[in-house]
Amino acid sequence: MTELHEVQITEEKPLLLPPSQPVPGKKHSVETPYGLVTFTVHGTPKPKRPAILTYHDVGLNHQSCFEPLFHFEDMQEIVKNFVVVHVDAPGMEEGAPLFPLGYQYPSLDQLADMIPCILQYLKFTSIIGIGVGAGAYILARYSLSHPDTVEGLVLINIDPNAKGWMDWAAHKLSGLTSSIPEMILAHLFSQEELSGCRELIQQYREALVGAPNLSNIQLYWSSYNTRRDLNFERGGDVTLKCPVMLVVGDQAPHEDAVVECNSKLDPTQTSFLKMADSGGQPQLTQPGKLTEAFKYFVQGMGYIPYVLDRKLSMGGLLLHDAPVTLPHRLAVQRSLRGREPISLPHPVSEQRVGEPPAAAAGPGERSPHHGGLLLSRGGGGDGDASRL
């Protein structure tokens with residue numbers, strides 16, 4: 001019998017990175033009619049699946065805005081099914097050179113018009129957009145002009161309205177008494193967070209005050225404050241055609257604006273999620289809860305199988321589907337748009353994940369199982385908000 005010998009194999013390069021070290025993305029830049037735009041791509045394109053495209057808020061870049069969310073372990077399990085594109089507004093990427101004095105920064109409409117150049121460069125045909133603040137506005141504007149390329153939108157802290165005269169006067173007065181970093185912080189975080197001097201606030205304050213591209217940030221801030229009204233109208237021609245999840249934190253600076261936006265969008269296509277204890281930036285403070293909501297959002301689009309028997313870390317998720325469920329509607333829409341038909345999930349009555357079905361609550365009501373999220377559709381006021 002042949003004698004067996006022990007052989008030592010040394011692996012020069014580990015096959016898997018530990019969870020604390022996500023695979024780094026590849027940085028690209030492309031020239032557009034309105035200047036150079038930089039974006040970072042994670043993963044490889046998946047057949048017949050959209051890309052997830054993110055756009056950050058003022059005072060942030062894609063890392064400071066989205067890293068806590070996309071580095072969250074459960075979120076990585078979701079996005080491994082997609083290619084992810086993080087867009088940095090011009091001059092906001094790390095190491096960005098300063099724009100010359102008198103440089104005309106693109107308007108938010110023009111920033112939205114840069115996105116087709118990114119998709120053409122990458123040869124992508126459709127996206128699921130995730131935007132925060134100014135980034136949410138940009139993605140909504142893009143969706144209005146290119147509805148066939150947007151399969152879904154997650155809009156956090158969106159304000160679809162142009163500033164009125166009173167807002168403009170208040171902004172000018174604030175500019176006389178506050179620095180640019182403090183005004184941006186008041187845009188990003190709630191007054192409770194700012195007065196609490198939390199570690200997170202201090203971290204972002206120091207980053208803004210010491211930002212080497214602060215003059216660039218000021219230009220992006222100015223473009224945001226001179227945005228046009230999106231003119232959403234429920235039942236009208238100007239509306240978002242794709243499924244939308246609106247997200248805002250309790251007591252967030254843009255809470256009223258998001259509530260108003262919800263009242264103007266198609267209730268059969270829109271979910272409204274109000275997150276408790278999340279402050280002004282839920283993707284930073286509550287990435288776990290937002291991940292669970294996003295999972296159910298993409299499940300409704302038919303891209304991730306329904307898993308209803310898993311115990312959720314946040315204490316349970318409550319579902320409420322209309323007689324014609326959103327997953328059914330989206331599956332039909334995708335089929336009509338020439339995509340491969342998918343198997344339709346059975347209608348899901350309201351229940352807590354991992355527990356027997358309970359008596360269904362009406363839209364905007366709590367289930368007997370407290371501590372969860374009610375995803376309700378229809379109506380248009382604060383009472384229709386899902387809550388975490």
Side-chain angles (χ1 to χ4, degrees), residues 20-29 37-42 52-72 75-76 79 84-99 105 108 111 129-139 154-158 179-190 193-194 196-224 247-249 252-254 275 278-291 294:
S20 58
Q21 299 180 22
V23 178
K26 187 173 181 182
K27 194 173 181 180
H28 303 262
S29 295
V37 63
T38 300
F39 49 95
T40 304
V41 179
H42 293 261
I52 294 176
L53 185 142
T54 73
Y55 216 116
H56 62 88
D57 203 353
V58 176
L60 308 172
N61 57 28
H62 85 266
Q63 290 153 310
S64 56
C65 188
F66 291 110
E67 266 192 0
L69 177 63
F70 280 83
H71 285 191
F72 193 74
M75 188 64 165
Q76 290 185 43
V79 299
V84 179
V85 182
H86 293 297
V87 181
D88 283 308
M92 304 302 122
E93 69 275 12
E94 283 194 355
L98 298 182
F99 292 118
Y105 196 81
L108 295 197
L111 292 176
I130 305 177
V132 181
Y137 178 102
I138 290 166
L139 291 179
V154 178
L155 304 177
I156 304 170
N157 297 337
I158 185 171
S179 65
I180 292 296
E182 290 302 320
M183 286 194 292
I184 293 176
L185 285 171
H187 160 79
L188 294 174
F189 299 101
S190 68
E193 289 175 295
L194 293 173
C197 295
R198 293 173 51 181
E199 183 180 344
L200 176 70
I201 305 301
Q202 193 58 32
Q203 174 188 342
Y204 279 82
R205 177 179 282 113
E206 291 174 359
L208 271 172
V209 171
N213 63 334
L214 183 57
S215 60
N216 292 358
I217 295 172
Q218 185 172 353
L219 293 175
Y220 187 21
W221 175 238
S222 178
S223 286
Y224 176 70
V247 182
V248 71
H254 308 287
M275 299 183 66
S278 65
Q281 298 292 309
Q283 81 284 0
L284 299 178
T285 58
Q286 298 283 2
K289 291 182 179 180
L290 188 55
T291 294
F294 182 66

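Reckoned from all heavy atoms, side chains included, excluding hydrogens, waters and symmetry mates.
Annotation: side chain of Asn157 is not in contact with side chain of Pro253 (no heavy-atom distance under 4.5 Å). In this structure the side chain of Gln283 reaches within 4.5 angstrom of the side chain of Cys65, judged on heavy atoms.
The CD atom of Gln281 sits 8.5 Å away from the CG atom of Leu200 when rounded to the nearest 0.5 Å. Separation of atoms CD1 (Ile130) and CG (Leu53) is listed at 9.0 Å; rounding is to 0.5 Å. Interatomic distance, CG of Leu139 versus CG of Leu108, reported as 11.0 Å (0.5 Å rounding). Annotation: the span from Thr38 atom OG1 to Met92 atom CE amounts to 11.0 Å, rounded to 0.5 Å. The CZ atom of Phe99 sits 13.0 Å away from the CD atom of Gln218 when rounded to the nearest 0.5 Å. Note that CD of Glu67 and CG of Leu69 are 11.0 Å apart. Values are rounded to the nearest 0.5 Å.
Donor-acceptor pairing under 3.5 Å is recorded for the side chains of Ser190 and Glu193. Side-chain contact, Asp88 with His62: a donor N or O sits under 3.5 Å from an acceptor N or O. Thr40 and His86 share no donor-acceptor pair across their side chains, judged by distance under 3.5 Å alone.
Taking the six-membered ring for Trp and the full ring otherwise, the centers of Tyr224 and His187 sit less than 6.0 Å from each other.
Between Tyr220 and Tyr105, the ring planes lie tilted relative to each other; the angle falls in the 30° to 60° range.
Minimum heavy-atom separation, Val209 to Pro181: CG2-CB, 4.0 Å. Ala89 and Tyr55 make their closest contact through CA-OH, 3.6 Å (heavy atoms, listed as atom of the first residue, atom of the second, distance). Of all heavy-atom pairs between Leu155 and Ala136, the closest is CD2-O, 3.6 Å.
With hydrogens and angles ignored, the 3.5 Å screen pairs no side-chain donor or acceptor of Asn213 with any backbone N or O of Leu98. In this structure, the side chain of Gln286 does not engage the main chain of Leu284 through any donor-acceptor pair within 3.5 Å.
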